[in-house]
Amino acid sequence: MDKLILGKWLVAGYMEEGIVFPTEAGSPQGGIASPALANMALDGLEAVAHKAAPRNQKINVIRYADDFVITGASKEVLETRIKPAVVAFLKERGLELSEEKTRITHIEDGFDFLGFNVRKYAGKLLIKPSKAAIKRFLDDIRELIKSMATGRTAELFRKLNSKLRGWANYYRHVVAKRTFTHVDTQVFRALWAWIKRRHPNKSAQWKKNRYFRHVGLKQWVFFAKVRDEFGQLTCLDLFSAASLPIVRHVKVQADATPYDPAYTDYFAARARPRRQVRSGAKA
């Protein structure tokens with residue numbers, strides 16, 4: 001652990017509107033600096049894990065902030081050598097391994113990590129949104145819809161679009177197409193129930209004409225009429241998670257950094273496919 005840099009981080013303060021403010025109370029849990037501080041405090045975990053077991057055990061460490069996964073070829077090695085080494089590593093830093101959240105499992109049974117489920121199906125590794133993450137998200141969406149029982153449709157759609165687009169972008173790099181379709185279906189059902197509560201005496205055809213429009217081959221697109229920046233009436237459509245294309249993530253080279261001029265061309269080449277996907281989605 002680089003204690004010198006970590007110490008400077010902790011007392012660096014923060015700047016807002018050109019004014020530097022000192023930090024005296026530390027970093028709050030969940031604050032924007034917490035992941036960086038946790039990564040610095042746990043720096044060296046990978047080396048400890050690799051040192052604790054023979055090279056042929058294929059030990060790998062994946063870490064984000066204070067969450068990490070350690071993989072290996074043998075359950076026995078993970079239990080008897082890797083886990084004790086990790087416990088000792090954390091103890092030096094005044095930390096403890098959470099027994100409640102820690103488990104050793106086979107890849108064919110899978111595990112959840114950062115909202116993803118990692119599992120092998122018939123020998124093929126697939127990474128999907130975890131069931132718990134899907135449930136949390138849909139519960140949040142339903143709660144939002146219920147909370148706006150008498151709210152304006154356009155305002156509801158703006159809030160839903162923000163949540164749906166952000167959630168879908170988080171999972172767009174993994175096996176998520178079926179999940180996106182499932183989420184769209186559940187949102188449709190929740191909104192249809194919301195419409196029925198608002199207009200209990202109206203016919204189904206009236207409700208369809210009032211809240212849906214045709215877009216290309218799609219006949220059931222939720223929309224609300226809003227005014228654009230020029231004051232003209234336009235349509236605000238509900239975002240569809242399934243409309244977002246799946247784009248596989250390509251791992252960044254270990255030594256690459258956007259602050260090193262030697263990697264300028266490398267990062268420009270990485271950004272090119274993303275720009276093409278965005279322009280295609282807009283079209």
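These numbers were taken from a predicted model, which means no experiment stands behind them.
- Atom CZ of Arg189 is surrounded by 12 or fewer heavy atoms from other residues, nucleotides or ligands within 6.0 Å.
- Side chain of Arg198 to main chain of Ala149: a donor-acceptor pair is present (N/O by atom type, distance under 3.5 Å, no hydrogens or angles).
- Taking all atoms of both residues into account, the shortest heavy-atom contact from Lys177 to Pro245 is NZ-CA, 4.3 Å.
- The backbone N or O of Arg248 sits nowhere less than 3.5 Å from a side-chain atom of His173 that would complete a donor-acceptor pair.
- Going from atom CZ of Arg119 over to atom CD1 of Ile127 covers 14.0 Å, rounded to the nearest 0.5 Å.
- No more than 12 heavy atoms of other residues, nucleotides or ligands shown are found within 6.0 angstrom of CZ on Arg55.
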Can Arg270 and Val250 be said to form a side chain to side chain contact (heavy atoms under 4.5 Å, CB included), step by step?
CA-CA 8 Å; Arg270 283 184 61 88; Val250 180; 4.0 Å; yes

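- No side-chain donor from either of Thr234 and Asp228 sits under 3.5 Å from a side-chain acceptor of the other.
- Within 6.0 Å of the CG atom in Asp255, the count of heavy atoms belonging to other residues, nucleotides or ligands does not exceed 12.
- Within a 6.0 Å radius of NZ in Lys159, other residues, nucleotides and ligands contribute 12 heavy atoms or fewer.
- One hydrophobic cluster, built from ILVMFWY side chains closer than 4.5 Å, cannot hold both Leu126 and Phe111; they sit in different ones.
- Figure legend: Arg178 and Phe180 shown without cation-pi pairing, the cationic atom not lying both under 6.0 angstrom from the six-membered ring centre and within 45 degrees of its axis.
- Checked against the 6.0 Å centroid criterion, the rings of Phe188 and Phe212 qualify as a close aromatic pair.
- Of the possible polar contacts, one joining the His50 side chain to the Glu46 backbone as a donor-acceptor pair under 3.5 Å is found.
- Both cation-pi conditions hold for Lys128 and Tyr121: the charged atom is under 6.0 angstrom from the six-membered ring centre and inside a 45 degree cone around its axis.
- Ion pairing between a basic and an acidic side chain is recognised when a charged N comes within 4.0 Å of a carboxylate O; Lys91 and Glu96 show no such pairing.
- Taking both residues in full, the closest heavy atoms of Ile70 and Ala49 are given as CD1-CB, 4.3 Å, listed atom of the first, atom of the second, then distance.
- With contacts defined as side-chain heavy-atom distances shorter than 4.5 Å, the pair Phe21/Met15 does not qualify.
- Inter-residue side-chain proximity for Leu164 and Val183 is flagged as met; some heavy-atom pair is nearer than 4.5 Å.
- To the nearest 0.5 Å, atom NE2 of residue His249 and atom CZ of residue Arg172 are 12.5 Å apart.
- At a threshold of 4.5 Å between non-hydrogen side-chain atoms, the residues Trp192 and Tyr211 do not count as touching.
- One finds the CG atom of Leu156 at 5.5 Å from the CG atom of Leu144 (value rounded to the nearest 0.5 Å).
- Surrounding CD of Glu76 are at most 12 heavy atoms belonging to other residues, nucleotides or ligands under 6.0 Å away.
- Side chain of Lys131 to backbone of Asn117: no donor-acceptor contact under 3.5 angstrom is found.
- For the pair Ser130 (side chain) and Gly115 (backbone), a donor-acceptor distance under 3.5 Å is present.
- The minimum heavy-atom distance linking Tyr64 with Leu114 is given by the pair CB-CD1, 3.8 Å.
- Distance check: Leu236 CG to Lys225 NZ gives 13.0 Å after rounding to the nearest 0.5 Å.
- Side-chain atoms of Ser243 do not come within 3.5 Å of backbone N or O of Phe239 as any donor-acceptor pair.
- Side-chain atoms of Leu138 and His182, non-hydrogen and from C-beta on, do get closer than 4.5 Å to each other.
- In this structure the side chain of Asp109 never reaches within 4.5 angstrom of the side chain of Ile107, judged on heavy atoms.
- Annotation for Ala65 and Pro35: closest pair CB-CA, 3.8 Å, computed over non-hydrogen atoms.
- In this structure, Tyr263 and Thr257 approach most closely via the heavy-atom pair CB-O, 3.8 Å.
- Distance check: Ser203 OG to Arg210 CZ gives 13.5 Å after rounding to the nearest 0.5 Å.
- Note that NZ of Lys8 and CG of Leu10 are 12.5 Å apart. Values are rounded to the nearest 0.5 Å.
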Go through the steps to decide whether Phe113 and Asp67 satisfy the test side chain to side chain contact (heavy atoms under 4.5 Å, CB included), and finish with yes or no.
CA-CA 8 Å; Phe113 182 60; Asp67 291 318; 3.8 Å; yes

Evaluate the ring pair (Phe, Tyr, Trp, His ring centres under 6.0 Å) criterion for residues Phe223 and Phe157: first the C-alpha distance (whole Å), next the side-chain angles of each, then the deciding distance (0.1 Å), finally the verdict.
CA-CA 8 Å; Phe223 83 103; Phe157 282 10; 8.3 Å; no

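- Two residues are said to be in side-chain contact when any heavy atoms from C-beta on lie closer than 4.5 Å; Trp220 and His214 fail this criterion.
- Using a 4.0 Å cut-off between charged side-chain N and carboxylate O, Asp139 and Lys135 make a salt bridge.
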Side chain to side chain contact (heavy atoms under 4.5 Å, CB included) for Thr153 and Trp194? Distances and angles first, verdict last.
CA-CA 10 Å; Thr153 306; Trp194 176 79; 3.7 Å; yes

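- In the hydrophobic clustering of this structure, Ile59 groups with Leu97; members are Ile, Leu, Val, Met, Phe, Trp, Tyr whose side-chain heavy atoms approach within less than 4.5 Å, directly or through other members.
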Take Phe137 and Lys163 through the test side chain to side chain contact (heavy atoms under 4.5 Å, CB included) and record every step on the way to the result.
CA-CA 9 Å; Phe137 179 68; Lys163 289 179 176 289; 4.3 Å; yes

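- Cluster membership check: Leu90 shares its hydrophobic cluster with Val48, using side-chain heavy-atom separations under 4.5 Å among Ile, Leu, Val, Met, Phe, Trp and Tyr.
- Under a hydrophobic-cluster definition in which Ile, Leu, Val, Met, Phe, Trp and Tyr are linked whenever side-chain heavy atoms come within less than 4.5 Å, directly or via other members, Val174 and Leu125 are assigned to the same cluster.
- Contact detail for Pro129 and Val175: the closest heavy-atom pair is CD-O, 3.6 Å.
- Proximity of a side-chain donor or acceptor of Asp184 to a complementary backbone N or O of Ala242 within less than 3.5 Å is detected.
- Cluster partners of Val215, by chain and number: Val221. The rule joins Ile, Leu, Val, Met, Phe, Trp and Tyr whenever side-chain heavy atoms lie under 4.5 Å apart.
- The closest side-chain heavy-atom distance from Arg165 to Ser240 is not below 4.5 Å.
- Arg142 and Gln186 form a side-chain donor-acceptor contact under 3.5 Å, judged by distance and modelled atom types alone.
- Inter-residue side-chain proximity for Asp237 and Arg213 is flagged as met; some heavy-atom pair is nearer than 4.5 Å.
- Between Glu99 and Lys83 there is a salt bridge, with a side-chain nitrogen of the basic residue lying less than 4.0 Å from a carboxylate oxygen of the acidic one.
- No donor-acceptor contact under 3.5 angstrom links the side chains of Arg158 and Asn161, judged on distance only.
- The six-membered or imidazole ring of Phe116 lies near that of Tyr170, with a centre-to-centre distance under 6.0 Å.
- A chain of hydrophobic side-chain contacts below 4.5 Å, direct or via other Ile, Leu, Val, Met, Phe, Trp or Tyr residues, connects Tyr171 to Ile62.
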